[in-house]
Amino acid sequence: MSHARRRTLYWMILCCGISILWGYSVEHAQPSFMEDFKAVYYGAKCVFLHTDPYKESGFLGVYLADGGTLPAAPDKAQIFLHAVPVCTNLPTSLLIAASFTILPCWLAQLLWLALTGGMFLLAASLISSLTEGYSCRVTLVLLCIVLANSEILFSGGNLAGIAISLCLVAVWCFLKERFIPAGIFCLAVSLALKPHDAGLVWLYFFLAGGLHRRRALQTLAVTATLALAAFLWVQPIAPDWMQELSANLMATSAHGEINAPGPSSISFRNANMLIDLQNVLSVFRDDPRFYNPASWLICGVLLLVWAIRTLRTRFTLPGALLALASVAALSMLPVYHRQYDAKLLLLTVPACAMLWAKRGLIGWIAILLSTAGILVTGDIPSAILLTFTRNLSLPASGFAGKLLIVALLQPAPFILLAMSFFYLWVYLRRDQESN
């Protein structure tokens, strides 16, 4: 390993360690520590105990019988009761997490924490290797910002940490033409855990054609096998799981609930905010009949243009980096996503380093947008913003007042939209035949 690679690895380990230790030290003594992991852990445990995990009474009964406690503070208890006892995980997620249920919850949490940190660090290291020949400094700075701003990912134990890491490993395998079976398996598990995170990355390889399409189809076959196994495992115990899961998702996304977009949601001015486009469009009109179709229309047009370009062009590594950078930012916008899902923006780092290496205006725009996107979805900058705006009174009426609310309180979706549009624009104008 070269001196530069060793230095990069040391800095990444340090920054990832900051997130792990900070996230653990802040939350480990609280009932809410790793609440997202508890949701999937106790969901899988319910199935083993022949209890329907999608019914709140059965889920909460298993959790409390295992020694689980509720937060004492009423406000934290309200959030906790929305986040844990209502199972909103797919059966595939429960199946993949099932092996952890043989361990006590505290030990399973520590193991999951270590696994998430190790996989996240591996994924960042592999993404770094995709930038060889470009700007090492830009790569190091952007990677370290992401790694040092992932406290919520580790304190909550969300599946996104594993799912996104596996997705990034698969991207490296496919682009580097190495360890292809491992890449197929990693992307399949990522799709099984978080299809709304890895789905558009899978779509890119499907549209790219050739060997990449074959690998995408093989990935889909492995995912379907996992889904079938999960269905056969859960169906006898929870025969109505699809309706119950749908009801749970609707309940947590109802107006004012924890996963609902808009100023009325308890997550609007909170840590780990929503970053989808609905969350800002709802400021202008808090009506799902407006913000859902508007979000899907905007993202759908960009996705259609991106898909046509991918279908009509020959695969090249520079083109793949630009396409994946655009779709990584776009993935966050059309449906429910939180800040921890934005770790997928690691896919924008190779494209940014590539454009910066050529200098010029496009390079400056790339580094400014990528840095802005990574910062506004990072945990520490978001906490600082929340601290300074917590008691800030903003005008709620008038277009200018609502625009001010978005600019100060919810800048992430618009910056992600700008990132997606910019990388798509560069992808469209690039003469790939010359690469």
Side-chain angles (χ1 to χ4, degrees), residues 19 141-143 145-153 155-156 158 160-161 164 194 196-197 200 253 258-286 291-292 294-296 298-299 302-303 325-349 351-352 365-390 392 394 402-424:
S19 288
V141 170
L142 292 179
L143 289 178
I145 292 174
V146 175
L147 291 171
N149 283 275
S150 302
E151 289 78 11
I152 293 175
L153 182 66
S155 65
N158 192 271
I164 291 173
K194 285 265 188 174
H196 60 304
D197 281 347
L200 293 186
S253 302
I258 190 170
N259 292 335
S264 61
S265 172
I266 58 179
S267 296
F268 189 75
R269 300 180 71 168
N270 205 343
N272 194 26
M273 292 180 289
L274 297 174
I275 57 172
D276 52 67
L277 201 54
Q278 288 97 324
N279 207 38
V280 295
L281 293 176
S282 62
V283 174
F284 299 94
R285 184 179 171 186
D286 195 6
Y291 56 68
N292 283 333
S295 176
W296 298 335
I298 294 169
C299 296
L302 292 177
L303 183 60
S326 177
V327 83
L330 184 60
S331 294
M332 302 295 105
L333 298 175
V335 294
Y336 166 82
H337 282 95
R338 289 188 179 272
Q339 285 176 202
Y340 45 64
D341 296 302
K343 308 314 170 189
L344 191 65
L345 293 181
L346 283 170
L347 280 177
T348 67
V349 173
C352 179
I365 296 174
I367 197 168
L368 289 174
L369 278 177
S370 291
T371 304
I374 289 172
L375 281 174
V376 297
T377 57
D379 295 347
I380 296 175
S382 295
I384 294 173
L385 177 65
L386 184 64
T387 299
F388 280 105
T389 60
R390 186 180 298 276
L392 187 63
L394 297 174
K402 294 178 178 179
L403 199 61
L404 186 60
I405 292 176
V406 169
L408 291 178
L409 304 182
Q410 299 290 332
F414 278 156
I415 293 178
L416 291 174
L417 183 63
M419 286 178 67
S420 180
F421 183 84
F422 167 75
Y423 283 112
L424 177 59

message: For L303 and L200: C-alpha separation, side-chain torsions, deciding distance, then whether side chain to side chain contact (heavy atoms under 4.5 Å, CB included) applies.
response: CA-CA 9 Å; L303 183 60; L200 293 186; 4.1 Å; yes
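- Checking Y423 against S370 by side-chain atom types alone, a donor-acceptor pair falls below 3.5 Å.
- Contact between I367 and C352 at its shortest, heavy atoms only, is CA-SG, 3.6 Å.
- One finds the CG atom of L424 at 13.0 Å from the CE atom of M419 (value rounded to the nearest 0.5 Å).
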Full working for side chain to side chain contact (heavy atoms under 4.5 Å, CB included) between F421 and L330: CA-CA 8 Å; F421 183 84; L330 184 60; over 6 Å; no
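- Under the 3.5 Å distance criterion, with hydrogens and angles disregarded, no donor-acceptor pair is assigned to the side chains of R338 and N158.
- More than 12 heavy atoms of other residues, nucleotides or ligands shown are found within 6.0 angstrom of OH on Y336.
- Considering only heavy atoms from C-beta on, N279 stays 4.5 Å or farther from Y291 through its side chain.
- The backbone N or O of M273 sits less than 3.5 Å from a side-chain atom of Q339, completing a donor-acceptor pair.
- Contact detail for I164 and Y340: the closest heavy-atom pair is CD1-O, 3.7 Å.
- The two residues P413 and D276 have their closest heavy-atom pair at CG-O, 3.4 Å.
- Pairing each heavy atom of L274 with each of Q410, the nearest pair is O-OE1, 3.6 Å.
- Here the side chains of P334 and L277 are not in contact, with every heavy-atom distance at 4.5 Å or above.
- Taking each heavy atom of S282 and P261 in turn, the nearest pair found is OG-C, 3.8 Å.
- At distances below 3.5 Å, at least one donor-acceptor pair connects side-chain atoms of N149 with backbone N or O atoms of I380.
- Counting heavy atoms from C-beta outward, Q278 and W296 have side chains that approach closer than 4.5 Å.
- A side chain to side chain contact (heavy atoms under 4.5 Å, CB included) with T377 is found for exactly one of L345, L344, D341, namely L345.
- Under the 3.5 Å distance criterion, the side-chain polar atoms of H337 are matched with a main-chain donor or acceptor of S331.
- In this structure, the separation between CG on L281 and CZ on R285 is 11.5 Å, given to the nearest 0.5 Å.
- Note: I365 CD1 to L368 CG = 8.0 Å, rounded to the nearest 0.5 Å.
- Not one N or O on the side chain of S420 forms a donor-acceptor pair closer than 3.5 Å with the backbone of A329.
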- request: Apply side chain to side chain contact (heavy atoms under 4.5 Å, CB included) to L302 and L417, showing your working.
  value: CA-CA 10 Å; L302 292 177; L417 183 63; 3.7 Å; yes
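- D379 contributes a side-chain N or O that, together with a main-chain N or O of E151, makes up a donor-acceptor pair within less than 3.5 Å.
- Taking each heavy atom of L333 and I275 in turn, the nearest pair found is CD2-O, 3.8 Å.
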